[in-house]
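Here the structure is laid out as structure tokens; the discussion comes afterwards.
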Amino acid sequence: MEIYKGKSILKGIAIGKVLFYQKEEQSVKREKIEDVELELERYRAASKEAVRQLREIYEKAVREVGEVNAAIFEVHAMMLEDGDYVDSIVNIIETQRVNAEFAVAAAGDNFSRMFAEMEDEYFRSRAADVKDISERVVGILCGRNGNSNIGEEPVIVVADDLAPSETVQMDKEKLLAFVTRYGSANSHTAILARTMDIPALIGVDIREEWNGKQAVIDGYEGIICLDPDEETLERARERQREDVEARDLLQQLRGKEDVTAGGRPIRLYANIASVKDVTSVLANDAAGIGLFRSEFLYLEAEDYPDEEAQFQAYKTVAENMAGKKVIVRTLDIGADKQVDYFHLEPEENPAMGYRAIRVCLDRPKVFRTQLRALLRASAYGNIAIMYPMIISVDEVRKIRKIVEDLKQELDENGISYGDVEQGIMIETPAAAVISDLLAQEVDFFSIGTNDLTQYTLAIDRQNMKLDSIYDAHHPAVLRMIQMTVENGHKHGCWVGICGELGADMTLTETFLKMGVDELSVSPSCILPLRKKIREFQF
């Protein structure tokens with residue numbers, strides 16, 4: 001029996017055979033060609049087929065992991081059509097008179113190397129994306145199908161690394177878990193694993209000779225056990241049985257109040273990314289929606305979505321939630337969420353650049369269209385509006401002035417709207433520090449702990465090299481949260497948490513004692529969190 005340690009992405013147990021997953025060999029020979037036009041046509045056809053495949057993968061991903069998590073495949077499709085990337089490939093074919101396979105591979109290597117050498121982590125992560133799309137086109141040109149076939153038997157997939165497209169293409173019914181040598185806890189593939197509810201380990205010193213061996217993945221301890229003895233197997237099976245029983249017991253909590261044994265109530269809301277996610281919200285018995293990421297409407301559109309399209313989406317969610325609160329975050333585009341038709345320029349530090357409310361206030365027509373749609377939809381349910389990336393009172397006052405002007409327009413046209421609460425996300429240290437002033441301008445705060453942590457600690461949460469010091473429990477972060485709650489309550493503003501810390505049950509008691517009014521988490525976390533809350537005696 002051999003035991004190897006890694007970093008767990010999802011707690012859970014998997015038992016099965018190991019499949020050592022290797023990508024098809026992508027070596028490409030440089031060949032001189034006579035017919036340049038024929039080679040250009042081969043490239044264009046392969047690129048078109050790659051886009052088609054990515055659209056297909058996107059649709060599968062939407063069904064299995066939701067709109068936001070599937071968006072990476074739309075980004076890949078757009079990258080294939082990027083002018084600089086295409087021009088580079090065409091130029092290599094025309095000037096060097098070489099085969100399309102070599103031109104794509106060479107251009108892919110050049111762009112990947114360029115991104116990898118950039119200082120900003122966001123652009124460095126694009127290196128893997130360029131490599132992924134280039135390998136797809138080369139594979140098509142070489143006649144490889146590019147399918148991530150893992151066979152007919154359920155397996156634990158072991159690999160150096162997995163691209164998001166490979167993970168999504170694997171048959172979920174046959175994928176027990178995966179283990180990789182590389183990867184980050186915040187990578188697209190790790191996020192997909194959590195969304196698909198598949199145990200996963202990263203940072204494991206894998207071996208090809210593991211192929212075919214029996215193994216146990218223990219996501220609680222972050223280990224893979226090869227050739228487990230009978231005692232280890234029985235412990236793993238017992239833990240699996242306990243997990244199933246725990247999930248069954250949780251269903252008994254449906255319809256119960258979100259209140260401690262001592263009578264302290266808290267609202268348990270759900271985070272969603274699309275209209276389709278409402279089904280999961282209702283199935284998991286959430287009291288409302290605490291974060292509706294509206295950017296999916298923009299990410300899936302070819303051009304700016306008009307007022308009517310947005311109105312119908314918000315109206316549908318509001319009606320389906322039947323009076324339960326629906327907090328819609330206004331457009332949060334920029335940084336790692338890029339949309340071609342916005343024509344956002346590359347930035348050295350996009351996470352702290354032109355994004356979110358900064359884009360909206362700079363492009364009032366886009367912002368007003370969304371706000372009008374939200375106000376109209378509020379007549380059909382309990383909609384609240386939340387603004388991201390706020391750093392000043394002046395921003396909030398500008399927003400409220402726009403909203404008041406829109407309400408006056410709607411009144412003049414006889415169009416009804418509801419009594420809409422307006423709030424802001426506290427995700428910058430600036431907002432936390434002046435939360436006493438901001439609380440006098442809005443109805444509620446929602447603390448975005450993911451960004452608040454990275455900005456407070458000056459640590460890029462996408463940088464795997466910094467995983468060991470990225471500490472969401474850092475006293476500075478917790479003090480920011482405490483300060484925000486106290487300042488909010490002092491001025492009649494209720495306070496929620498919608499970042500990943502909201503689902504961290506090691507902090508649930510701390511948040512309740514701080515006075516946090518609401519926790520918004522993934523729908524699947526609602527019932528486990530309800531169980532935890534109902535056990536507290538205060």
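- By the 6.0 Å contact criterion, NZ on Lys17 is open, its count of non-hydrogen atoms from other residues, nucleotides or ligands being 12 or less.
- Put simply, the side chain of Val104 reaches to within 4.5 Å of the side chain of Leu141, judged on heavy atoms.
- Pairing each heavy atom of Met483 with each of Ala432, the nearest pair is SD-O, 3.2 Å.
- Among the candidates Ile447, Ile497, Leu501, the single residue satisfying the side chain to side chain contact (heavy atoms under 4.5 Å, CB included) test with Leu452 is Ile447.
- Using a 4.0 Å cut-off between charged nitrogen and carboxylate oxygen, Glu59 and Arg55 do not count as a salt-bridge pair.
- Residue pairs that meet the ring pair (Phe, Tyr, Trp, His ring centres under 6.0 Å) test with at least one member in residues 32-51, sequence neighbours left out, do not exist here.
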Intermediate values then yes/no, side-chain contact (heavy atoms from CB on, under 4.5 Å), Arg368 and Glu307: CA-CA 9 Å; Arg368 287 172 63 90; Glu307 180 183 322; over 6 Å; no

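- The shortest side-chain heavy-atom distance between Tyr220 and Ile13 falls under the 4.5 Å cut-off.
- With hydrogens and angles left out, the side-chain atoms of Gln310 and Tyr298 include a donor and acceptor closer than 3.5 Å.
- Going from atom CG of Leu291 over to atom CD1 of Ile272 covers 8.5 Å, rounded to the nearest 0.5 Å.
- Under the 3.5 Å distance criterion, with hydrogens and angles disregarded, a donor-acceptor pair is assigned to the side chains of Tyr4 and Glu2.
- There is a side-chain donor-acceptor pair under 3.5 Å between Asp362 and Tyr354.
- Atoms CG and CD, from Leu361 and Glu395 in turn, are 6.5 Å apart once rounded to the nearest 0.5 Å.
- Side-chain contact annotation: Glu94 with Asn91, donor-acceptor N/O pair under 3.5 Å absent.
- Taking a cutoff of 4.0 Å between a charged side-chain nitrogen and a carboxylate oxygen, Lys398 and Asp394 qualify as a salt bridge.
- Distance check, rounded to the nearest 0.5 Å: OG1 of Thr449 to CG of Asp504 gives 9.0 Å.
- Note on ring orientation: taking the six-membered ring where Trp is involved, the planes of Phe292 and Phe296 are parallel (angle under 30°, cut-offs 30° and 60°).
- Using a 3.5 Å distance cut-off with no hydrogens or angles, the side chains of Gln370 and Tyr314 do pair a donor with an acceptor.
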side-chain contact (heavy atoms from CB on, under 4.5 Å) between Leu507 and His473, intermediate numbers included: CA-CA 8 Å; Leu507 287 174; His473 292 210; 3.6 Å; yes

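- Looking only at side-chain heavy atoms (C-beta outward), Val317 and Ile289 come within less than 4.5 Å of each other.
- In this structure, CE on Met389 lies 12.5 Å from SG on Cys360, to the nearest 0.5 angstrom.
- Under a 3.5 Å cut-off, the side chain of Ser522 and the backbone N or O of Cys525 do not form any donor-acceptor pair.
- Across Ser8 and Gly219, no two heavy atoms sit closer than the pair OG-O, 2.7 Å.
- Judged purely by atom type and a 3.5 angstrom limit, Asn211 uses its side chain to pair as donor or acceptor with the backbone of Phe20.
- The salt bridge (Lys or Arg N to Asp or Glu O under 4.0 Å) pairs that include a residue from residues 96-108 are Arg42-Glu101, where partners are two or more places apart or lie in different chains.
- More than 12 heavy atoms of other residues, nucleotides or ligands lie within 6.0 Å of NZ in Lys32, so this atom counts as buried by the packing criterion.
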Arg181/Asp205 under side-chain contact (heavy atoms from CB on, under 4.5 Å): CA gap, chis, key distance, verdict: CA-CA 6 Å; Arg181 184 188 303 276; Asp205 187 18; 3.0 Å; yes

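- Considering CG of Asn271 and SG of Cys498, their distance stands at 6.0 Å, rounded to 0.5 Å.
- Annotation: Glu152, atom CD; neighbour count of heavy atoms from other residues, nucleotides and ligands within 6.0 Å does not exceed 12.
- In this structure, Met425 and Ile390 have side chains that are not in contact, with every pair of non-hydrogen atoms separated by 4.5 Å or more.
- Contact between Ala100 and Glu39 at its shortest, heavy atoms only, is N-OE2, 3.0 Å.
- In terms of modelled atom types and a separation under 3.5 Å, the side chain of Asp227 and the main chain of Met1 share no donor-acceptor contact.
- Checked against ring-ring contact (aromatic ring centres under 6.0 Å, His included), Phe111 has the following partners two or more places apart in sequence or in another chain: Tyr85.
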Working for side-chain contact (heavy atoms from CB on, under 4.5 Å), residues Val328 and Ile385: CA-CA 5 Å; Val328 182; Ile385 306 176; 5.7 Å; no

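- To the nearest 0.5 Å, atom CD1 of residue Ile89 and atom OG of residue Ser134 are 6.0 Å apart.
- Note on Glu221 versus Lys5: no salt bridge recorded, every NZ/NE/NH1/NH2 to OD/OE distance being 4.0 Å or above.
- Side-chain polar atoms of Thr180 and Asp161 form no donor-acceptor pair below 3.5 angstrom.
- Considering only heavy atoms from C-beta on, Val137 stays 4.5 Å or farther from Glu49 through its side chain.
- Contact check for Tyr269 versus Val521: no side-chain heavy atoms found under the 4.5 Å cut-off.
- Using a 4.5 Å cut-off on side-chain heavy atoms (C-beta onward), Arg136 and Gln53 make contact.
- Under a cut-off of 6.0 angstrom, the local environment of CZ in Arg52 is crowded, with over 12 non-hydrogen atoms contributed by other residues, nucleotides or ligands.
- Side-chain contact between Val51 and Glu81 is present, with at least one heavy-atom pair separated by less than 4.5 Å.
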Candidate pair Asp332 and Arg355, rule salt bridge (Lys or Arg N to Asp or Glu O under 4.0 Å), full reasoning: CA-CA 7 Å; Asp332 187 0; Arg355 57 174 292 199; 3.6 Å; yes

